[in-house]
Amino acid sequence: MVTALEATTGEMVWRERTGEIFSASPVFGDGKIYMMSETGATLVLEPGREFKIVARNQIEGRIAASPAIAGGRIFVRTDDRVLAIGGPAR
C-alpha cells in the first residue's frame, strides 16, 4: 500500500495498492517519488492529490536497501551489486 497524507494536517489524501512488496524507503528527487520493491520493480510516482505512476521498470535482483540520489543519478543496491541510473553520458 502507498498512502499520501496532507503534510499540515496528517489527513489521508489517497491510499492505493501497487502489487509490490517494499522494504526500502521511497526517495524524492527531480520532482518525483522513486520506490524500489523487493522483486526489483521500480515505480516512479508523481506527487499530488491523485495516485499516478509515471513509470514502472524492472531491475534484475532483489532490492531491500533504500536508493540514494546524488549528482543527477539514483544509486540502487541489490543483493550483489550497486547500480547508478541516470546522469550525464560519458
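These values consider heavy atoms only, across backbone and side chains, with no hydrogens, waters or symmetry-generated copies.
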Counting C-beta onward and ignoring hydrogens, is there a side-chain heavy-atom pair between [X] and [Y] closer than 4.5 Å?
X: I85; Y: V76; answer: yes
X: I59; Y: T78; answer: yes
X: M36; Y: I74; answer: yes
X: P47; Y: F28; answer: yes
X: F75; Y: L83; answer: no
X: L43; Y: F22; answer: yes
X: L45; Y: M35; answer: yes

*Side-chain donor-acceptor pair under 3.5 Å between E20 and T39, yes or no?*
yes

*Taking every non-hydrogen atom, the tightest pair across A84 and R73*: CB-CD, 3.9 Å

*Could you tell me which non-hydrogen atom of P67 sits nearest to which non-hydrogen atom of V27, and how far apart they are?*
O-CG1, 3.3 Å

*Of all residues at least two apart in sequence or in a different chain, which pass the salt bridge (Lys or Arg N to Asp or Glu O under 4.0 Å) check with D30?*
K32

*asked:* Is it the case that the side chain of W14 and the backbone of V2 share a donor-acceptor pair, with hydrogens and angles ignored and the cut-off at 3.5 Å?
replied: no

*Is a side-chain donor or acceptor of R17 paired with a backbone partner of M1 at a separation under 3.5 angstrom?*
no

Nearest-0.5 Å distance, [atom1] of residue [X] to [atom2] of residue [Y]:
X: R56; Y: T42; atom1: CZ; atom2: OG1; value: 9.0 Å
X: F51; Y: T3; atom1: CZ; atom2: OG1; value: 10.0 Å
X: R62; Y: S37; atom1: CZ; atom2: OG; value: 10.5 Å
X: I21; Y: I63; atom1: CD1; atom2: CD1; value: 13.5 Å

*Test side-chain contact (heavy atoms from CB on, under 4.5 Å) applied to E60 and R81, step by step*: CA-CA 10 Å; E60 186 177 320; R81 62 194 152 146; 3.3 Å; yes

*When you look at CD of E50, are more than 12 heavy atoms from neighbouring residues, nucleotides or ligands closer to it than 6.0 Å?*
no

*asked:* Counting neighbours of CD on E6 that are heavy atoms of other residues, nucleotides or ligands and sit closer than 6.0 Å, is the number greater than 12?
replied: yes

